[in-house]
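As the structure is a prediction and not an experimental result, all values here were calculated from the model. Reckoned from all heavy atoms, side chains included, excluding hydrogens, waters and symmetry mates. So that the names make sense, note that chain A is the first sequence line, chain B the second, and so on, each numbered from 1.
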Amino acid sequence: MFASGGFNNLNMMAGMPTTTGIPTGNDPGFMAGPNGLNDVMKQLDQMFSKQMKSMNDLLKKMLGDAKNGNATSGMFPCMDLSGQMESVMKMGGLTNQMIAKVASMVTPEASLAALGGFNGLSQGGSAGTVSAASLGNGTAWGRSLASDALNHSVKGPGGWCYKYVAQALARHGVSVHGGSAYMAADQLATKKEFREVNVSQADLKKLPAGAIVVWNKGNGHVHGHISISLGDGREVSDLVRNQTTNYGTSYRVFLPNK
Amino acid sequence: MQVFVPAELPEGFLVQSVVAEDSPDWGASYQIVFEGPEGAELTVQGTVNGVGDVFRGQSRQKFQNPWLGQGLMEFYEPDSEEPVDFHSHWLQTGPETPFHCLSGKGLEPEQALHLAESLGPRQ
């Protein structure tokens, strides 16, 4: 139903700390799992595939309107067209309780991210964003990773960010592969040593040592960029730089778990 | 993996270091640094994996290489965070082939572009 994989989708929020208070469902067969809206939508999709297509089309239209600034409501961009949405849902046999639950779970950030047209990460959206204060001082393992990467960094000439980060990770038991830096993100998302969090651009300089930022390809960037935070506002890959905060593409942040 | 080098070095440039490795995990890569007069430097790099973007400079210029096709050179001002004055984007002979690039400092932009245009497989 929704696009999966890559940077601009709701799956990237799976397991991430959240401040949105996504409710857990109580209705049998209609449960909000760890993937929140995605889980519910999958179940809805199975239950009412035909009707859901109509609803999705409508949602896309509504969210498109919201993205273009035509919606007037704040938290729930569909609200202005909620009557139409409700009608479509009722066509699928959804109860009022179910409709209310879906409505309560849909935030602009989550909805647009699910549709692939919005990246809550690069926009610093409120959905699942970890504040600077809660980032903490990091872990011993993270500090070790950062220190090791710093010790192996070079003065120049650049361009090998992924190689140096991958080699630092390999020395710490984490294996990532691939030609280009952006390819690390999906791999890191599956590693038990890291958890993905949503951090605003302004807070990237406050990341603890060992946090990894992966910038996506696009906007003229063919390979993307990857770096390890040193915990002092700088990053290290093959080189040491001030933390990149405005690369022109979306980004994903991974905090060490241990 | 082919190693690319400039066809002709500027006067006074000598090989300062050569690093080549073939990691089972990470594949082959090389880096050749040439040192010139008054701190001038030239580096050729190649790798089959692990590249990131070259950061954007204050200006950039296209060039054409007979082996590697069209390239783009970024030029950095002295107050830039970049450790070099110029750096080419990664170049490839074709899809799925190793990446190569040229970078350096202490050279005129025209010299840098000429060197990039002359990159070719080491004989």
Side-chain angles (χ1 to χ4, degrees), chain A residues 152-185 187 212-228 233-249 251, chain B residues 16-17 19 21 23-35 39-57 60 71-74 76 79-92 95-107 112:
Chain A
H152 285 83
S153 65
V154 292
K155 291 205 181 298
W160 269 350
C161 61
Y162 190 23
K163 180 179 177 182
Y164 276 68
V165 169
Q167 288 178 337
L169 284 167
R171 289 190 292 271
H172 281 70
V174 179
S175 175
V176 289
H177 296 280
S180 301
Y182 74 89
M183 296 173 182
Q187 298 173 66
I212 295 183
V213 181
V214 185
W215 295 88
N216 201 2
K217 66 178 177 177
N219 195 25
H221 296 289
V222 178
H223 306 289
H225 178 56
I226 185 169
S227 62
I228 300 172
R234 296 179 302 157
E235 62 171 51
V236 60
S237 52
D238 51 342
L239 308 177
V240 176
R241 289 186 173 92
N242 290 321
Q243 176 67 52
T244 304
T245 58
N246 190 12
Y247 195 64
T249 65
Y251 61 93
Chain B
Q16 193 255 336
S17 65
V19 177
E21 59 181 12
S23 154
D25 288 334
W26 203 246
S29 61
Y30 71 87
Q31 182 186 67
I32 306 170
V33 180
F34 302 93
E35 213 170 42
E41 205 169 274
L42 194 63
T43 302
V44 191
Q45 295 183 117
T47 183
V48 297
N49 272 313
V51 302
D53 283 318
V54 171
F55 274 57
R56 285 178 180 160
R60 59 195 58 82
L72 185 63
M73 188 77 82
E74 299 282 352
Y76 307 99
D79 60 351
S80 155
E81 269 199 284
E82 297 306 300
V84 290
D85 296 342
F86 61 91
H87 202 309
S88 81
H89 289 241
W90 289 103
L91 301 156
Q92 288 179 286
E96 310 295 320
T97 59
F99 304 94
H100 307 270
C101 71
L102 176 82
S103 57
K105 53 189 175 185
L107 292 167

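- Annotation: maximal heavy-atom pairing with chain A below 4.5 Å, among B:Gln31, B:His89, B:Glu96, occurs at B:Gln31.
- Heavy-atom distances place both the backbone and the side chain of A:Asn242 under 4.5 Å from chain B.
- Residue A:Ile226 does not touch chain B at all, counting heavy-atom pairs closer than 4.5 Å.
- Of all the listed residues (A:Ser180, A:Ser237, A:Gly224), the one sharing the greatest number of non-hydrogen pairs under 4.5 Å with chain B is A:Gly224.
- Heavy atoms closer than 4.5 Å to chain B are found nowhere in A:Val165, neither backbone nor side chain.
- Between chain A and the residues B:Thr47, B:Val54, B:Val33, the largest count of heavy-atom pairs under 4.5 Å involves B:Thr47.
- A donor-acceptor pair under 3.5 Å is absent between the side-chain atoms of B:Asn49 and the main chain of A:Lys163, judged by distance alone.
- Ring geometry for A:His223 against B:Phe99 counts as perpendicular: the plane angle is over 60°, on a 0 to 90° scale with 30° as the lower cut.
- B:His87 contributes a side-chain N or O that, together with a main-chain N or O of A:Gly158, makes up a donor-acceptor pair within less than 3.5 Å.
- In summary, the aromatic rings of A:Tyr162 and B:Trp26 are positioned with their centroids under 6.0 Å apart.
- Contact of the B:Asp53 side chain with the A:Tyr247 side chain is registered, since non-hydrogen atoms from C-beta on lie closer than 4.5 Å.
- The nearest pair of heavy atoms linking A:Gly159 to B:Trp90 is O-CZ2, 3.0 Å.
- In this structure, chain B has no heavy atom under 4.5 Å from any part of A:Tyr164.
- The two residues A:Pro157 and B:Pro83 come nearest to each other via the heavy atoms O-CG, 4.0 Å.
- Proximity to chain B is absent for every atom of A:Ser175, based on heavy atoms less than 4.5 angstrom apart.
- Considering only heavy-atom pairs separated by less than 4.5 Å from chain B, the leading option among A:His225, A:Arg241, A:Gln167 is A:Arg241.
- A:Leu239 has its side chain within reach of B:Glu82: a pair of non-hydrogen atoms, C-beta onward, lies under 4.5 Å apart.
- Contact count versus chain B (heavy atoms, under 4.5 Å) is highest, among A:Ala181, A:Gly220, A:Gly178, A:Gly248, for A:Gly178.
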